[in-house]
Number of protein chains: 2
Amino acid sequence: MTDEGVPGAGQRAPLRPTRQRRAITDALAGAEEFQSAQDIHDALRHAGEKVGLATVYRTLQAMADAGEVDVLQAPGGEAAYRRCSASHHHHLVCRECGRTVEISGSSVERWTESVARDNGFSEVSHTIELVGLCADCSR
Amino acid sequence: MTDEGVPGAGQRAPLRPTRQRRAITDALAGAEEFQSAQDIHDALRHAGEKVGLATVYRTLQAMADAGEVDVLQAPGGEAAYRRCSASHHHHLVCRECGRTVEISGSSVERWTESVARDNGFSEVSHTIELVGLCADCSR
DNA sequence: TTAATTGCAAATCCTTTGCAGATTC
DNA sequence: GAATCTGCAAAGGATTTGCAATTAA
């Protein structure tokens with residue numbers, strides 16, 4: 001069957017490989033952490049690539065829909081993006097001084113997957129935020 | 001100087017019990033789920049309480065700083081609030097159709113506390129977001 | 001009386017959209 | 001040549017802030 005365009009349930013736009021599209025992909029590939037659309041736009045600027053901010057937003061959104069990037073809602077109403085399958089870890093932040101501790105959570109990863117499976121969900125991504133008082137600030 | 005405010009580390013504003021402050025507290029007390037500042041503002045309107053939107057935002061923010069309410073970043077750039085100590089549970093959301101499954105996670109609660117303790121943190125609150133594809137949408 | 005609080009409107013910030021021109025297939 | 005993309009600027013929606021009037025302590 002060569003029918004690769006059969007109108008059905010969820011057929012997405014073709015996603016043509018343009019210069020700006022590639023630039024954005026590269027920017028994501030080069031960063032380990034989450035970045036906002038504007039961060040990426042700035043990075044492209046500094047790298048000499050001229051890409052409109054609207055294009056960055058549209059592309060990032062398309063990539064998110066296609067499951068190519070993970071999206072995280074940051075406080076302040078910004079959306080942050082990161083390429084999928086990056087080394088996964090979370091942060092424990094002090095609400096008083098902002099000190100941050102990087103934590104790995106193999107147990108949570110496992111818990112996440114089992115919960116997803118139990119409920120028939122797949123391709124589950126998780127966002128975990130731990131905020132508390134660090135030793136110094138609680139004294 | 002009748003020093004009654006010895007400047008120290010983190011002294012917060014007194015937080016006076018005004019009519020609108022109480023109205024907001026009541027609105028939060030009456031709801032089990034997270035609500036946006038605007039949701040609360042609307043609710044107060046319908047309840048006959050006239051409170052400015054800015055006041056709702058300011059009060060909610062103050063309560064969040066004081067640790068009286070939990071804040072959640074909803075996609076779309078809105079912040080959602082819920083009174084603390086409510087029956088604690090999290091959600092598993094389908095990124096395609098929005099279907100939501102309520103999940104309880106005693107194991108995560110335990111994991112959270114141990115991670116916090118191991119790092120010398122206390123009074124840790126956690127926010128967990130699980131997003132994936134539900135059974136129907138992945139078909 | 002003093003300091004905190006409120007309302008309203010203007011100001012910000014992040015993100016989305018409309019549309020004409022450039023680009024890929 | 002047709003369907004996608006882009007850029008720019010205008011539009012939108014949520015949240016913040018300035019400031020004078022109001023209210024609690």
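The shown structure was predicted, so the numbers you read here are calculated from the model rather than taken from an experiment. So you know, we letter chains A, B, ... as the sequences are listed, proteins then strands, and number each from 1.
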- Query: When only distance counts, do a donor and an acceptor, one from the side chain of B:Arg16 and one from the base of C:dT5, lie under 3.5 Å apart?
  - Reply: no

Nucleotide [N], atom [atom2] - distance to [atom1] of [X] in whole Å:
X       : N      : atom1 : atom2 : value
B:Glu78 : C:dT15 : CD    : C1'   : 13 Å
A:Arg22 : C:dT24 : CZ    : P     : 11 Å
B:Leu53 : D:dG13 : CG    : C1'   : 11 Å
B:Ile24 : C:dT6  : CD1   : C1'   : 11 Å
B:Ile40 : D:dT15 : CD1   : P     : 11 Å
B:His41 : C:dT6  : NE2   : P     : 13 Å
B:Glu49 : C:dT5  : CD    : C1'   : 16 Å
A:Arg19 : C:dT24 : CZ    : C1'   : 14 Å

- Message: By the 4.0 Å heavy-atom rule, please label B:Arg21 as base, sugar-phosphate, or nothing.
- Response: sugar-phosphate

- Message: Heavy atoms only, 4.0 Å cut-off, all strands: where does B:Gln20 land among base, sugar-phosphate and nothing?
- Response: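 Sugar-phosphate, backbone atoms only, no base.
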
- Message: Does a side-chain N or O of B:Tyr57 approach OP1 or OP2 of D:dT15 to a distance below 4.0 Å, or not?
- Response: yes

- Tell me whether the OP1 or OP2 atom of D:dT16 has a side-chain N or O from B:Gln61 closer than 4.0 Å. yes

- Of B:Gly77 and B:Pro17, whose closest DNA chain D nucleotide lies nearer the 5' terminus?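 Upstream on the strand: B:Gly77.
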
- Message: Need to verify one output field. Residue with the more 5' nearest nucleotide on DNA chain D, B:Thr18 or A:Val51?
- Response: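 Per heavy-atom nearest nucleotide, the more 5' residue is A:Val51.
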
With a 4.5 Å cut-off on side-chain heavy atoms, are [Y] and [X] touching?
X       : Y       : answer
B:Leu28 : B:Leu60 : yes
B:Met63 : B:Arg83 : no
B:Thr25 : B:Glu68 : no

- Task: State whether the number of non-hydrogen atoms from other residues, nucleotides or ligands found under 6.0 Å of B:Arg22 atom CZ is greater than 12.
- Result: no

- Look at the side chain of B:Ala54 and decide which nucleotide, out of D:dT17, C:dT17, C:dT6, has an atom nearest to it. D:dT17

- Query: For the side chain of A:Arg58, counting heavy atoms from C-beta on, which of D:dT15, C:dT17, C:dT6 is nearest?
  - Reply: C:dT17

- Between B:Tyr57 and B:Gln38, does any side-chain donor sit less than 3.5 Å from a side-chain acceptor? yes

